[in-house]
Structure formats: structure tokens, C-alpha cells
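Please read all numbers here as calculations on a predicted model, not as lab measurements.
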Amino acid sequence: MPTLKIIVASTRPTRIGRTIGDWVDAHAVRHGGFDVELLDLAEVGLPFLDEPEDATTGRYVHRHTKLWSAAIDAADAFVFVMPEYNYCFNAPLKNALDFLYREWAHKPVGFVSYGGMSGGMRAVEMIKPVVVKLRMVPAGNAVTIFRRTMLDAEGRVTAHDELAAAADGMLDELGRLTEALSTMRVPA
């Protein structure tokens, strides 16, 4: 079974991203199409990019980068659980992407975004050129969470049926993309 890594992007102490990430994780497990693992950037604890060489070389010197590389390399697909900050995706997610290069290639990525008026959709549109440059394939189906109408005061998902249907569509598409892209990935 392919491996799906769900990456919680927010590292803010008062974030709701982990609660949403846990919901995505549980939903993906119930979906049954992937072996699922949640990676929380707040727990991964990557510093601001500190590798002396460009990521395209794959020559990493720091332990945290080698661990991050192994975690990402083991994935067949991703879901980014991401907030929208100032009409864009957040800095910790960009930093996590920039640490690596080859490990992201030819793998599909889905998006679970959250925010106020746009539900994070602007952030998703901003990150797509970045993931395409990394040779990832963004899924067309996404999950958009409007904070005021789909979450309770603690950040727990309340719009279960609507969001579950969106998540199923995204996971189904990620499954098809994972299979299609698998022949393009060559072991290092």
C-alpha cells in the first residue's frame, strides 16, 4: 500500500492546524487507500535553512536534514495541512520544502487549507508553482476549511459531511496520481 505523509504546516503555539491535521489523519486512515503518517512541522523542528550546499546536490551535513530527507523520501504522496497567512502559505512550510529537492519529485500532493474568508485557497494557489518546480503534481481536488463556519471554538471540524466528501475526492485522486507517478520515481 502506498505511504501518505500528512504534513501539518503551522508551528504557531496557538494554532488549530494540529487539530485539523489529526482530523485529516483519522479520515485518511478510514479511507483505507494509504498507509498514513502525520508529520507535524512544530515537532520536526527544522531550523531556518542551514545546509551549506544546495538541496539539489543531496549532500546533507546536518542530522535534522538527514532525518527530514528520510521521512520525505519514504512517502509516495503528501497532504499539506496549511494555514493562509497574509494571502500566502506560511514560512515553515516553505522552509521545509527548501531543505530537500529529489525527495519531493514525482509525488502527488493534496491540500487541506484553512483560513478566514478564503479558507486558505489563496495560499494553495501560491504554493502550486513551488511544488511544481519541485516536480510534484498537485491534486485538483482539495479540502477548504472556512474557519468561521466549519470549525468550533477549539478548532475542531464541524462540517463533517461536506469536508469528508471533499477529503474522499482528494484522497481518491491522490491514489490515482500515486499509481501513475510510481514508475517515474527512481530509487536514489
Side-chain angles (χ1 to χ4, degrees), residues 1-12 15-44 71-72 74-85 88-90 92-94 96-97 104 106-132 134 136-182:
M1 193 174 319
T3 300
L4 175 70
K5 303 272 181 147
I6 298 167
I7 298 177
V8 176
S10 179
T11 59
R12 182 177 280 176
R15 69 199 171 128
I16 58 173
R18 179 55 189 254
T19 303
I20 295 169
D22 289 340
W23 176 84
V24 175
D25 181 69
H27 189 85
V29 168
R30 281 191 305 274
H31 178 270
F34 296 93
D35 284 328
V36 180
E37 181 182 355
L38 187 131
L39 300 172
D40 185 340
L41 291 182
E43 294 171 4
V44 171
I72 299 308
D76 296 301
F78 301 96
V79 171
F80 295 165
V81 177
M82 52 188 282
E84 180 179 306
Y85 296 164
C88 196
F89 56 95
N90 65 334
L93 181 54
K94 179 67 164 86
L97 289 167
W104 301 113
H106 309 301
K107 297 176 183 180
V109 58
F111 304 99
V112 175
S113 65
Y114 58 94
M117 296 300 288
S118 79
M121 288 187 288
R122 296 174 294 212
V124 171
E125 290 308 309
M126 295 295 287
I127 202 169
K128 284 182 179 178
V130 175
V131 298
V132 168
L134 292 169
M136 298 174 84
V137 177
N141 291 314
V143 179
T144 305
I145 299 175
F146 298 94
R147 187 174 182 155
R148 291 184 184 106
T149 60
M150 297 177 163
L151 301 175
D152 66 16
E154 284 76 44
R156 292 183 302 254
V157 173
T158 58
H160 292 287
D161 292 342
E162 182 180 346
L163 293 176
D168 284 339
M170 178 188 65
L171 292 166
D172 290 345
E173 183 178 359
L174 285 174
R176 291 188 302 276
L177 287 169
T178 299
E179 184 177 342
L181 293 168
S182 66

Passes salt bridge (Lys or Arg N to Asp or Glu O under 4.0 Å), Asp40 versus Arg15? Steps please. CA-CA 12 Å; Asp40 185 340; Arg15 69 199 171 128; 2.7 Å; yes
Working to the nearest 0.5 Å, report the span between OG of Ser10 and CZ of Phe89. 14.5 Å
Within a 6.0 Å radius of atom CG on Asp152, are there more than 12 heavy atoms belonging to other residues, nucleotides or ligands? yes
Show the nearest heavy-atom pair for residues Leu174 and Ala139, with the distance to one decimal. CD2-CB, 4.1 Å
Distance col, row Met126:CE vs Lys94:NZ, nearest 0.5 angstrom, shows 11.0 Å
Where the side chain of Ser113 meets the backbone of Pro83, is there a donor-acceptor pair that is under 3.5 Å apart? no
Backbone N/O of Glu84 and side chain of Asn90: donor-acceptor pair under 3.5 Å: no
Provide the closest heavy-atom pair for Leu93 versus Ala9 in the form atom of the first, atom of the second, distance. CB-CB, 3.9 Å
Candidate pair Val137 and Val131, rule side chain to side chain contact (heavy atoms under 4.5 Å, CB included), full reasoning: CA-CA 7 Å; Val137 177; Val131 298; over 6 Å; no
Just so I know, are the side chains of Met82 and Ile127 near enough to count as touching, which here means a heavy-atom distance under 4.5 Å? yes
To check you understand the geometry: which heavy-atom pair defines the closest contact between Pro138 and Phe111, and what is its length? CB-CE1, 3.8 Å
Stepwise side chain to side chain contact (heavy atoms under 4.5 Å, CB included) test for Val157 and Leu151: CA-CA 5 Å; Val157 173; Leu151 301 175; 4.0 Å; yes
Please find the pair of heavy atoms, one from Leu163 and one from Thr144, that lie closest to each other, and give the distance. CD2-O, 3.6 Å
Check whether more than 12 heavy atoms from other residues, nucleotides or ligands sit under 6.0 Å from atom CZ of Arg147, and answer yes or no. no
Hey, can you tell me if Phe78 and Phe80 have their rings parallel, tilted or perpendicular (30° and 60° cut-offs)? tilted
When you measure from the side chain of Lys5 to the backbone of Ala77, do you find a donor-acceptor pair of N or O atoms at a distance under 3.5 Å? no
Separation of His31 NE2 from Leu4 CG (nearest 0.5 Å): 10.0 Å
One should read off an interatomic distance between Asn141 CG and Asp168 CG, to the nearest 0.5 angstrom, of 10.5 Å
Has Trp104 got a side-chain atom pairing as donor or acceptor with Leu97's backbone, closer than 3.5 angstrom? yes
Can you measure from CG (Leu39) to CG (Leu41) and round to the nearest 0.5 angstrom? 8.0 Å
Do Lys128 and Val124 come close enough that some side-chain heavy atom pair is under 4.5 Å? yes
Less than 4.5 Å apart, any side-chain heavy atom of Arg18 and any of Val81? no
For Asp172 and Arg176: C-alpha separation, side-chain torsions, deciding distance, then whether side chain to side chain contact (heavy atoms under 4.5 Å, CB included) applies. CA-CA 7 Å; Asp172 290 345; Arg176 291 188 302 276; 3.7 Å; yes
Hey, does Ile72 have a side-chain heavy atom less than 4.5 Å from the side chain of Ile7? yes
State which residues pass side chain to side chain contact (heavy atoms under 4.5 Å, CB included) with Asp76; sequence neighbours excluded, sorted by chain then number. Pro2, Thr3, Thr178, Arg185
What's the separation between atom CE in Met170 and atom CG in Leu177, rounded to the nearest 0.5 Å? 11.5 Å
Heavy atoms of Met1 and Gly32 approach each other most closely as SD-O, 3.6 Å
Shortest non-hydrogen contact from Leu171 to Ala28? CD1-CA, 3.8 Å
Any non-hydrogen side-chain atom of Val109 less than 4.5 Å from a side-chain atom of Val79? no
